[in-house]
Amino acid sequence: MSRPIQAHIDLAALKNNFRVVQRASASRVMAVVKANAYGHGLLRVAGALREAQGLALLDVRDAITLRDAGFRQTILLLEGFFAKEDAPLFAEYELTTVIHSHAQLAWLDAYPRKNGLSVWLKINTGMNRLGFMPAEVPAVMERLKSHRAVREVTLMTHFAQADEAAGISKQLELFNQIAASYHAPRSLANSAAILRHPSAHGDWVRPGIMLYGSSPFAEVSANELRLQPVMNLTSELISVRELRSGDCVGYGASFRAENTMRIGIVACGYADGYPRHAATGTPILVNGKRTRTLGRVSMDMLAVDLSDIPDAQVGSRVVLWGEGLPVDEVAHAAGTISYELLCALAPRVPVSY
Ligand SMILES: *Cc1c(COP(=O)(O)O)cnc(C)c1O
C-alpha cells in the first residue's frame with residue numbers, strides 16, 4: 001500500500017460552480033486556470049469546463065498543451081509576452097495576449113506578420129501591478145488599432161478590493177470613463193466582482209476561486225454562495241496514542257496535554273501542501289467528526305485530538321479539507337487564504353478524479 005493521503009477532485013462540483021457563474025452573469029466566461037487550475041489539474045479542469053468561452057493562464061507551454069489537447073476556445077495569457085520570441089508562438093497557436101507594458105508593445109512591433117493576434121489591453125486603474133496608466137491609453141489604443149499584427153483589442157482591468165467593503169467604485173468609474181471612447185469588448189470581474197458587482201460584468205467575466213468552490217469573501221461562506229468544494233484532501237490515521245498530563249506533541253513541544261488524552265497521527269504534512277502555519281486548533285475531520293490539530297505540523301505528519309472520537313483507530317479516515325470541512329476555514333486558521341492552500345497541493349500527493 002502507498003501512503004494514504006490523496007486528493008480527490010470532484011468534477012461534478014466544478015460544473016456546479018460553473019453554473020453558479022452562469023447564473024450570476026450573462027457575460028462570456030473566461031475561466032481562470034492558472035497555477036495548474038489552482039492546484040486541481042489543468043487538463044481535467046479544462047475538460048470539465050468545455051462550455052467556458054475562454055481559458056486564462058500564465059505559461060505559454062500550458063497554453064500549447066491545451067491547444068494540442070484539442071481545446072479551441074480563446075486562450076488568454078494573463079501576463080502576456082515575456083520576450084520578443086513569444087509573438088510568433090502566440091500567433092501559431094492562436095493565443096490571445098494581454099499587453100500591459102511598453103516593453104510588450106515593442107516586442108509586438110518587432111513581429112512582422114499581419115493580423116495575427118488578439119490582444120487584451122490592460123489598464124491600471126488602481127491595483128498598481130500591471131497595466132498602462134489611464135493617460136497612456138489613448139496613444140496605446142491608437143497604436144494597437146492601426147497595428148498590422150493586431151486583429152482585435154479587448155479592454156481589461158483588475159480590481160484590488162472587489163471582495164472588501166471598499167469595493168470597486170473608483171476603479172470601475174475610471175475604467176468606464178476610458179472605455180467609453182472605444183467600441184471594444186470589456187473585461188473586469190474576478191469571482192468577487194461576479195458575485196457582488198453586476199455593474200462590472202462587462203463582456204467577459206474572469207472567475208477563478210469560485211469555480212473551485214471557495215468563497216472570495218472573508219465573511220460569506222462558500223455554502224451560502226451555493227459553491228461546492230472541488231478538492232477533497234484526505235488521509236488516514238497511521239498511529240494512535242495516549243498522552244498523560246504534561247506530555248508534549250511534536251517539534252518545539254508546542255502542545256502540552258493538560259489531562260490524559262488520546263491523540264492520532266495523520267499521514268499529511270507540509271510537504272503535502274498542508275500549511276505549516278496552521279496552529280493548534282485548526283479544524284480537521286476524523287471519521288467524519290470535527291476535531292482539531294495539535295502542535296506543529298511536520299513535513300509528513302500532523303497530530304489530532306481524539307478526545308471526543310473514541311472509535312478512531314489506525315486507518316480511520318481523515319479529511320484535511322473538502323466535503324464537510326471548507327478549505328476556507330482551514331486557510332483562516334492558518335492565517336492565509338484558500339487560494340494559497342489549493343495551489344500548494346504538492347506533486348507527491350496522488351490525485352484522482
Ligand atoms: C487570478 C485572476 C483572476 C481570478 O481571480 P479570482 O479571485 O480567483 O476569481 C481574474 N483576473 C486576473 C487578471 C487574475 O490574475
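For the numbers below, each heavy atom of this structure counts, side chains included, while hydrogens, waters and symmetry mates do not. These numbers come from a predicted model, not from an experiment. If you read the sequence from its start, that first residue is 1, and numbering goes on from there. We count ligands from 1, going down the list as the structure has it; atoms in each ligand are counted the same way.
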Any side-chain donor-acceptor pair under 3.5 Å between Ser307 and Asp305?
yes
For His158, which part has a heavy atom under 4.0 Å from ligand 1: side chain, backbone, both, or neither?
side chain
Are any side-chain N or O atoms of Arg44 and backbone N or O atoms of Ser352, one a donor and one an acceptor, separated by less than 3.5 Å?
no
Would you say Met141 and Leu121 make side-chain contact, with heavy atoms under 4.5 Å?
yes
What protein heavy atom is closest to atom 9 (O) of ligand 1, reported as residue, atom name and distance in Å?
Ser191 OG, 2.5 Å
Keeping the roles fixed (side chain from Gln104, backbone from Phe81), state whether a donor-acceptor pair exists under 3.5 Å.
yes
Looking at Tyr212 versus His40, is the centre-to-centre ring distance below 6.0 Å?
yes
Between Gly208 and ligand 1, does any nitrogen or oxygen pair lie at a separation below 3.5 Å?
yes
Just need the protein heavy atom nearest to atom 11 (N) of ligand 1, so name the residue and atom and give the distance.
Arg206 NE, 2.9 Å
Where does the angle between the aromatic ring planes of Tyr38 and Tyr339 fall among parallel (under 30°), tilted (30 to 60°) and perpendicular (over 60°)?
tilted
In the protein, what heavy atom is nearest to atom 7 (O) of ligand 1, and what distance, to one decimal place, separates them?
Tyr339 OH, 2.7 Å
Ile209 to ligand 1: N or O pair under 3.5 Å?
yes
Quick test: of every protein heavy atom, which one is nearest to atom 14 (C) of ligand 1, and how far off is it to 0.1 Å?
Lys34 NZ, 3.0 Å
Looking at atom 8 (O) of ligand 1, what's its closest protein heavy atom, distance included?
Tyr38 OH, 2.6 Å
